[in-house]
Amino acid sequence: MQKIPLGTSGMFVSKVCLGTMTFGDQNNESEAFRLLDYAVERGINFIDTAEIYPVMPQAVTHGLSETIIGNWLKKRGNRDSIVLATKIAGPSRLIPWIRNGKSDLDEHNIRLAVENSLKRLKTEYIDLYQLHWPSRNVPFFGKVIFNPKDERPSVPIEETLGALGKLIEEGKIRHIGISNESAWGLMEFIKIAEMKGLPKIVSIQNAYNLTDRHFEIGMDEICFRENVGLIAYSPLAFGQLTGKYIDNPKIRGRLTLFSADWNAHYRRPAVLEATRQYMQLAREYNMTPAQLALAWCYSRWFIDATIIGATKLDHLKENIDAISISLNDEIVDRINAIHALITNPAL
Ligand code: NAP
């Protein structure tokens with residue numbers, strides 16, 4: 001598995017990152033251990049989690065994903081060979097169990113969040129500490145339209161960076177990243193760090209897949225010019241791009257298990273139509289639809305690492321195997337032709 005330097009961090013991460021948001025809900029600890037072991041066996045050294053995981057977030061399962069990873073790191077004794085990424089929750093009314101519903105990206109919350117993540121992860125340091133979503137009003141999680149009417153007070157980016165800088169000096173975190181950010185936020189984090197001598201973000205973790213390519217509208221250029229790595233999440237559009245819900249709409253999986261409100265953007269008729277067309281294309285080239293969707297992400301020049309998720313070992317194998325598939329110009333043209341007709345249907 002190829003390892004590449006993540007942004008300006010100097011850390012070498014596998015192009016495939018293992019996502020863990022199912023650990024503690026859809027996957028119990030022993031299943032999670034098997035998925036982690038297999039990922040490492042295949043050369044993955046990059047693991048992504050978050051304080052709010054597993055998803056769907058609930059008070060009773062809060063922190064379980066980090067706890068399971070911590071147990072696994074301790075049992076395997078392999079902390080030094082893993083690049084461990086986690087995230088602090090931004091403000092939200094939907095997670096009252098996290099710091100009494102007062103989570104935000106200020107110094108008090110960041111320090112508490114880091115201390116708790118370190119305990120659960122049973123480690124002395126976090127390699128990549130990410131802000132899960134911004135403090136300010138920004139559209140994300142399937143929304144793209146900015147609405148000035150939703151403006152609210154937020155923590156200044158300078159304060160957030162200052163707090164993170166102190167934790168870097170203390171050795172509790174090594175590098176920082178943002179997530180679910182807009183082009184303005186991405187540039188602002190970079191500009192303020194430069195102007196104020198604060199730490200520079202090394203990565204941005206945003207959604208990117210065949211049904212949502214909006215990162216290609218300007219954000220890719222910023223990442224290129226500013227040397228920030230894109231860590232792409234939801235490469236299979238929550239599993240929709242595997243085609244399994246088209247073959248069997250009632251199949252047990254994330255899109256049928258969890259609230260339709262939460263995953264509505266990946267259930268739209270236009271997403272289903274695009275998926276049908278990508279499925280047909282995959283078949284013509286003897287790939288599974290999942291492999292076509294993942295090979296697309298793995299081969300985009302602006303993606304440093306793609307975070308894959310799998311609840312089953314055979315799915316994980318299929319997803320990792322896609323790293324060796326190369327898409328020729330003809331397939332790329334056909335993918336772009338579908339995209340031109342059904343552009344970003346998940347938005
Ligand atoms: P995804 O690739 O879009 O969806 C993964 C899900 O699709 C799996 O959990 C599985 O769900 C299904 N699946 C995967 N491979 C399959 C296969 N070969 N055949 C059939 N079904 C398959 O990725 P994601 O889970 O949304 O995101 C990956 C990771 O990114 C997460 O674990 C998390 O670390 C990160 N993430 C970050 C954010 C953020 O806000 N920063 C948001 C989302 C995700 P079922 O088995 O339930 O069908």
Test of ring centre spacing under 6.0 Å for Phe215 and Tyr208: no
Pairs involving residues 148-193, ordered by first then second residue, that meet ring pair (Phe, Tyr, Trp, His ring centres under 6.0 Å) (sequence neighbours left out): none
Ion pair Arg213/Glu216, N-O distance below 4.0 Å: yes
Ring-face cation contact, Tyr125 with Arg174, 6.0 Å cut, 45° max: yes
Mind listing the side-chain donor-acceptor pairs of residues 267-281 below 3.5 Å, one per line with the distance, residues two or more places apart or on another chain?
{"from": "Arg267", "atom 1": "NH1", "to": "Leu255", "atom 2": "O", "distance (Å)": "2.2"}
{"from": "Arg267", "atom 1": "NH1", "to": "Asn263", "atom 2": "OD1", "distance (Å)": "3.2"}
{"from": "Arg268", "atom 1": "NH1", "to": "Pro345", "atom 2": "O", "distance (Å)": "3.3"}
{"from": "Arg268", "atom 1": "NH1", "to": "Ala346", "atom 2": "O", "distance (Å)": "2.9"}
{"from": "Arg268", "atom 1": "NH1", "to": "Leu347", "atom 2": "O", "distance (Å)": "2.7"}
{"from": "Glu273", "atom 1": "OE1", "to": "Arg276", "atom 2": "NH1", "distance (Å)": "3.2"}
{"from": "Glu273", "atom 1": "OE2", "to": "Gln277", "atom 2": "NE2", "distance (Å)": "3.0"}
{"from": "Thr275", "atom 1": "OG1", "to": "Val271", "atom 2": "O", "distance (Å)": "2.7"}
{"from": "Gln280", "atom 1": "NE2", "to": "Glu284", "atom 2": "OE2", "distance (Å)": "3.3"}

side-chain contact (heavy atoms from CB on, under 4.5 Å) partners for Met56, two or more places apart: Phe258, Trp262
Carboxylate-amine/guanidinium proximity below 4.0 Å for Glu41 and Lys317: no
Note: Asp37-Arg76 ion pair, threshold 4.0 Å (strictly below): yes
N/O donor-acceptor pairs under 3.5 Å from side chains in residues 285-294, not counting sequence neighbours:
{"from": "Tyr285", "atom 1": "OH", "to": "Glu330", "atom 2": "OE2", "distance (Å)": "2.4"}
{"from": "Thr288", "atom 1": "OG1", "to": "Gln291", "atom 2": "N", "distance (Å)": "3.1"}
{"from": "Thr288", "atom 1": "OG1", "to": "Glu318", "atom 2": "OE2", "distance (Å)": "2.6"}
{"from": "Gln291", "atom 1": "NE2", "to": "Glu318", "atom 2": "O", "distance (Å)": "3.2"}

Which pairs would a plain distance check flag for residues 300-310, meaning a side-chain donor or acceptor within less than 3.5 Å of a matching protein atom at least two apart in sequence or in another chain?
{"from": "Arg300", "atom 1": "NE", "to": "Trp296", "atom 2": "O", "distance (Å)": "2.9"}
{"from": "Asp304", "atom 1": "OD2", "to": "Gly7", "atom 2": "N", "distance (Å)": "3.2"}

Main-chain N/O of Asn27 paired with Thr22 side-chain donor or acceptor, under 3.5 Å: no
Contact check, side chains of Leu128 and Asp48, non-hydrogen atoms, under 4.5 Å: no
Full working for side-chain contact (heavy atoms from CB on, under 4.5 Å) between Lys200 and Val228: CA-CA 9 Å; Lys200 185 193 172 208; Val228 171; 4.3 Å; yes
Check: Ile231 main-chain N/O paired with Asn206 side-chain donor or acceptor under 3.5 Å: no
Contact check, side chains of Val40 and Ile82, non-hydrogen atoms, under 4.5 Å: yes
Whether Ser81 side chain and Asn78 backbone form a donor-acceptor pair below 3.5 Å: yes
Within-4.5 Å side-chain heavy-atom neighbours: Thr256 and Lys250: no
Short N-O contact, Lys191 and Glu188, less than 4.0 angstrom: yes
Give every donor-acceptor pair under 3.5 Å between a side-chain atom in residues 156-169 and any protein atom, sequence neighbours left out.
{"from": "Thr160", "atom 1": "OG1", "to": "Leu105", "atom 2": "O", "distance (Å)": "2.7"}
{"from": "Lys166", "atom 1": "NZ", "to": "Glu107", "atom 2": "OE1", "distance (Å)": "3.1"}
{"from": "Lys166", "atom 1": "NZ", "to": "Glu107", "atom 2": "OE2", "distance (Å)": "3.2"}

Tyr53-His62 aromatic ring centre distance below 6.0 Å: no
Presence of salt bridge, Glu170 and Arg111, under 4.0 angstrom: yes
Flag, side chain of Asn209 to backbone of Pro235, donor-acceptor distance under 3.5 Å: no
Side chain Trp133, main chain Ile178, donor-acceptor under 3.5 Å: no
Beyond-backbone contact of Tyr266 with Ser234, side-chain heavy atoms, under 4.5 angstrom: yes
Working for side-chain contact (heavy atoms from CB on, under 4.5 Å), residues Arg99 and Asp104: CA-CA 9 Å; Arg99 295 179 289 285; Asp104 209 337; over 6 Å; no
